[in-house]
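See structure below.
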Amino acid sequence: MIDIEFEILDELYFVQPFDYLQKNTPYTEQEILDTLKIFLQKDWIRIYDETQKEIIFTKNIVFEDNFEKNYKFFYYLATKAGLKAHTTI
């Protein structure tokens, strides 16, 4: 796990909005977005909308379009797998 992955997962022990990640990590918006995409592929995070309803993305073009357009409005939380990866460094 690289530093950016460790630091972002460290912030996702509780549900957090995207702007929280921007304010509390030293990374650019694009770096955070790219890392969140990696986390989704590894099943290390869950994504929620403003009502705290989980959003399930399939790994296809719909995912890319929807996620790219709305990532700033979503909330993020580390999964059990993500927490395990974070703590087994």
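These numbers come from the heavy atoms of this one structure, side chains and all, not from hydrogens, waters or symmetry mates. FYI, the numbering just counts along the sequence from 1.
Residue Asn70 holds its CG atom at 10.0 Å from CG of Asp49, rounded to the nearest 0.5 Å. Taking CD from Gln41 and CD1 from Ile38, the interatomic distance works out to 7.0 Å, rounded to the nearest 0.5 Å. If you take CG on Leu36 and CD on Glu5, they are separated by 10.5 Å, rounding to the nearest 0.5 Å. In this structure, the separation between CD1 on Ile8 and CD1 on Ile45 is 9.0 Å, given to the nearest 0.5 Å. Put simply, CD on Glu31 and CG on Leu21 are 13.0 Å apart, with the number rounded to the nearest 0.5 Å. Here Phe39 contributes atom CZ and Ile47 contributes atom CD1; the two are 11.5 Å apart, rounded to the nearest 0.5 Å.
The hydrophobic clustering, which links ILVMFWY residues whose side-chain heavy atoms are closer than 4.5 Å, places Leu77 and Leu9 apart. Linking ILVMFWY residues whenever their side-chain heavy atoms come closer than 4.5 Å, directly or via other members, places Ile2 and Phe6 in the same cluster. Both Tyr20 and Phe18 belong to a single network of hydrophobic side chains, linked directly or stepwise wherever heavy atoms of I, L, V, M, F, W or Y lie under 4.5 Å apart. Hydrophobic clustering (ILVMFWY, side-chain heavy atoms < 4.5 Å, transitive): Leu12 and Phe74 are in one cluster.
In this structure, Trp44 and Tyr76 have side chains that are not in contact, with every pair of non-hydrogen atoms separated by 4.5 Å or more.
In this structure, the side chain of Thr25 does not engage the main chain of Gln22 through any donor-acceptor pair within 3.5 Å.
Partner of Lys37 under the side-chain contact (heavy atoms from CB on, under 4.5 Å) criterion, chosen from Thr35, Leu33, Leu40: Leu33.
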